[in-house]
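First the structure, in the form of structure tokens, and then the observations on it.
Just so you know, residue 1 is the first one in the sequence shown, and it goes up from there.
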Amino acid sequence: MGLVAWMLRVLAATWRVRVQGREALDEALAAGPVVYGFLHGELLALTALHADQGVVGVVSRSRDGQRLSRALRSLGYGLARGSSSRAAL
């Protein structure tokens, strides 16, 4: 496991998480694939919350995206790499 992924798991272990609307999410997941949408400021908490659940993240092809990709892979995420300005997905 990478250092960033390990640090995120340790940090997340200290959080109290309350999920609102869990029943609706469970129903949607039972019906088929789901697309999560969120703002950048929510990335840290949601990344930890959905680790090891088979979620696929969309990550840019930039250098920052490469760093994020390594951490996400270590957390059990699948990846779809792409860019709106570099050959798209």
(message) Do Val19 and Leu44 land in one hydrophobic cluster if side-chain heavy atoms of ILVMFWY residues count as linked below 4.5 Å?
(response) yes
(request) Test Leu75 against Asp52 for side chain to side chain contact (heavy atoms under 4.5 Å, CB included), laying out the working first. (result) CA-CA 6 Å; Leu75 291 165; Asp52 300 316; 5.6 Å; no
(request) Determine whether Val17 and Leu43 fall in the same hydrophobic cluster, where Ile, Leu, Val, Met, Phe, Trp and Tyr are linked whenever their side-chain heavy atoms lie under 4.5 Å apart. (result) yes
(request) Can you measure from CZ (Arg63) to CZ (Arg67) and round to the nearest 0.5 angstrom? (result) 7.0 Å
(request) Can you see which heavy atom on Ala80 is nearest to which on Val56, and at what distance? (result) N-CG1, 4.0 Å
(request) Can you measure from CZ (Arg9) to CG (Leu11) and round to the nearest 0.5 angstrom? (result) 12.5 Å
(message) Just to verify, what does Leu46 make a side-chain contact (heavy atoms from CB on, under 4.5 Å) with, not counting sequence neighbours?
(response) Phe38, Glu42, Leu49, His50
(request) Quick one: pull up OH in Tyr77 and CG in Leu68 and give me the separation to the nearest 0.5 Å. (result) 9.5 Å
(request) Can you see which heavy atom on Ala71 is nearest to which on Ala5, and at what distance? (result) O-CB, 3.9 Å
(message) Run the side-chain hydrogen bond (donor to acceptor under 3.5 Å, both in side chains) test on Gln66 and Arg81 for me, step by step, so that the C-alpha distance in whole Å, both residues' side-chain angles and the decisive distance to 0.1 Å come before the verdict.
(response) CA-CA 9 Å; Gln66 183 61 33; Arg81 300 290 306 272; 3.0 Å; yes
(request) Report the residues that fulfil salt bridge (charged side-chain N to carboxylate O under 4.0 Å, His left out) with Arg70, sequence neighbours left out, ordered by chain and then residue number. (result) none
(message) Is there a path of hydrophobic side-chain contacts, each under 4.5 Å between heavy atoms, that joins Val55 and Leu72?
(response) yes
(request) Provide the closest heavy-atom pair for Ala48 versus Trp15 in the form atom of the first, atom of the second, distance. (result) CB-CZ3, 3.8 Å
(request) Kindly work out whether a path of hydrophobic side-chain contacts (I/L/V/M/F/W/Y, heavy atoms less than 4.5 Å apart) joins Leu79 to Val34. (result) yes
